[in-house]
Amino acid sequence: MPAEPPIPEPKSLHFIEEIVEADLASGKHGGRVLTRFPPEPNGYLHIGHAKSICLNFGLAAKYGGATNLRFDDTNPVKEDVEYVDSIREDVRWLGFGWKGEHYASDYFQFLYDYAEYLVQQGKAYVCDLSEAEIREYRGNFHVPGKASPYRDRAPEENLDLFRRMKAGEFPDGSKVLRAKIDMASGNMNLRDPLMYRIRRAHHHRTGDAWLIYPMYDYAHGVSDAIETITHSICTLEFEDHRPLYDWFLEQDVEGRFFQRPLPRQIEFARLNLTYTVMSKRRLLLLVQEGHVKAWDDPRMPTISGLRRRGYTPESVRAFAERVGVAKRDTVIDVGLLEFAIREDLERKAPRAMAVLRPLRLVIENMAEGEVHWLTLPNHPDDPAFGTRQVPFAREVLIERDDFREEAPKKWFRLAPGAEVRLKGACLVRCTEVVRDAAGEVVELRCTWDPASLGGDAPDGRKVKGTLHWVSAAHAVPAEVRLYDRLFTAEDPMDVPEGGDWRDTLNPDSLEVLAGARVEPSLAEVAPGTRVQFERLGYFCADPDGRPGAPVFNRTVGLKDSWAKLEAKG
RNA sequence: UGGGGAGUAGCCAAGUGGUAAGGCAGCAGGUUUUGAUCCUGCGUACCGAGGGUUCGAAUCCUUCCUCCCCAACCA
């Protein structure tokens with residue numbers, strides 16, 4: 001009897017996939033799936049955007065569709081080409097290619113024409129109320145709004161006024177175009193929302209061609225419809241904008257501007273991560289106030305920051321996959337992100353040895369000038385990584401943390417009289433501790449067992465500790481930057497009365513180790529190269545490095561069960 | 001006159017009337033020339049609470065509670 005084939009676990013669909021599959025089944029869009037990723041170019045993308053990018057591009061790819069990249073550039077005072085460029089780079093880095101690259105500003109004429117149509121239909125009007133008056137007339141959650149005195153202007157007058165707004169006859173802020181919907185709606189978005197404001201601002205793409213700019217609620221749905229987007233995915237806070245999204249598209253009853261089926265807005269919960277902030281506004285403040293060096297500071301949750309930190313696109317995508325897609329407000333443990341990069345780098349990163357805080361170890365029974373060139377594997381489990389030559393000599397550097405004068409319980413590393421293995425080299429026993437005048441340990445004297453060259457003793461004796469090391473004479477000086485979480489609070493926004501979210505910034509989020517030493521094979525490492533420093537973690541060569549003077553960022557440490565054990569006492 | 005959402009283990013998340021998947025974290029053990037990796041095992045989750053319908057409810061009905069979003073000429 002042949003063995004039953006393993007039953008493939010059908011991966012359950014998330015709610016958006018269910019919607020798409022239902023649409024596919026009903027033939028709503030003729031089998032088409034077209035999503036869009038629509039950032040406003042007013043800042044750098046962060047890990048939260050990565051979730052959205054993976055969702056939009058991933059969904060389209062899964063169902064044989066495509067995704068447009070659309071810049072939602074309707075507010076010229078906040079936007080800049082610098083951001084457009086970084087967004088394109090980040091999406092590409094994540095591994096996605098877009099079908100169309102569009103700009104809401106490409107649709108300014110269409111939006112204007114459709115707005116004129118709505119004016120003519122009596123569905124939009126020019127309002128002369130001031131900003132403060134509009135707010136006052138809008139009422140609040142408990143009080144219905146009241147009609148603007150300009151609400152019943154005749155369509156012809158509105159059209160004339162709207163055209164003159166466009167022509168620049170009125171000063172900024174003096175008039176707006178409003179949709180005429182329902183001033184008594186429980187949904188504030190429907191209380192005659194603004195469609196256009198007058199703004200004499202230079203736009204990064206249209207220059208000074210326009211003096212009036214459309215608002216998000218008006219422009220977004222129309223842009224989706226122009227591109228014949230099938231599923232318009234956005235975050236939860238837009239849930240009560242959906243009726244407005246639909247309203248703007250539904251007013252075109254004759255199909256002069258749009259054809260059915262119209263795009264459908266679907267909302268999902270945005271990503272939140274512990275120990276960081278995730279709004280463009282606050283990330284911008286971190287940069288502006290100098291809490292971090294730049295948008296791509298490796299401590300930042302930006303895509304460019306993660307990239308510089310050493311994260312792989314695959315790990316970010318795997319992370320996005322693991323967090324899921326749902327409608328609950330959630331906060332993901334940053335540990336899950338760390339897991340994702342460790343998991344990826346475990347099999348991808350070649351190994352090497354580096355010593356962060358060196359302590360000299362002299363092998364007394366080895367001759368001066370004696371050098372053993374060891375052939376070490378670049379990966380413990382994957383021969384495809386090949387091998388490299390590593391010099392081993394009388395004076396080596398080991399990690400300061402790997403020596404204790406008084407060994408605690410379960411201490412496997414070096415201590416006076418103890419024997420450990422130098423990884424890939426040999427067994428050494430500590431015979432003497434050398435101190436300076438201040439009593440500081442400056443050197444360890446050891447003896448080695450020449451028979452153990454390679455790492456094992458022929459007599460079969462075991463040591464529990466294996467240390468990484470570099471040859472003092474051959475090692476290359478390097479700068480190593482260690483990063484810790486940017487904030488000390490799991491939720492930096494959860495501040496006590498009178499506090500500020502910046503109060504919990506971690507003063508020790510960056511530690512620069514100027515005196516580190518790496519093995520010679522790393523001397524001319526190219527920026528962006530990822531490597532595991534054995535027993536320390538995964539590191540990535542920073543662009544600040546130069547040939548012979550590399551700089552490494554610690555992407556993430558290895559799991560450290562000794563530290564955990566010791567912490568428990 | 002309020003409207004819109006959401007509640008399943010520490011964190012996520014399946015489940016769509018038939019008796020609670022999976023991942024991360026954590027714990028225990030095994031392997032190991034990285035205290036890494038890898039492998040094995042470990043959770044009575046009273047499914048926000050109370051009522052109800054049903055032979056049977058996380059799933060249906062109902063009342064209540066809690067949390068999130070909305071009153072920018074931002075997106």
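Naming: A, B, ... by sequence-line order, numbering from 1 per chain.
Mapping L453(A) and Y196(A) onto RNA chain B by nearest heavy atom places L453(A) at the nucleotide closer to the 5' end.
The side chain of R135(A) places an N or O atom within less than 4.0 Å of a non-bridging phosphate oxygen (OP1 or OP2) of rA72(B). For rA75(B), one of the phosphate oxygens OP1 or OP2 lies less than 4.0 angstrom from a side-chain nitrogen or oxygen of T74(A). For R270(A) and rC69(B), the shortest distance from a side-chain N or O to OP1 or OP2 is not below 4.0 Å. Between R342(A) and rU34(B) there is no side-chain N or O to OP1 or OP2 distance below 4.0 Å.
Partner assigned to rG29(B) is rC39(B), using Watson-Crick or G-U wobble distances below 3.5 angstrom.
With a glycosidic angle further than 90° from 0, rA36(B) counts as anti.
Between P39(A) and the options L45(A), V84(A), D72(A), a side chain to side chain contact (heavy atoms under 4.5 Å, CB included) holds for only L45(A). A side chain to side chain donor-acceptor pair (under 3.5 Å) with Y44(A) is found for one member of H49(A), K280(A), E82(A) and no other, namely E82(A).
The pair R421(A)-D456(A) counts as a salt bridge, with a side-chain nitrogen and a carboxylate oxygen less than 4.0 angstrom apart.
Rounded to a whole angstrom, the distance from the P atom of rC47(B) to that of rG7(B) is 15 Å. Atom P of rA9(B) sits at a distance of 10 Å from the matching atom of rA45(B), rounded to the whole Å. Comparing rC42(B) with rG48(B), their C1' atoms sit 28 Å apart, to the nearest whole Å.
Judged by the 6.0 Å distance and 45° axis criteria, K423(A) is not positioned over the aromatic ring of W469(A).
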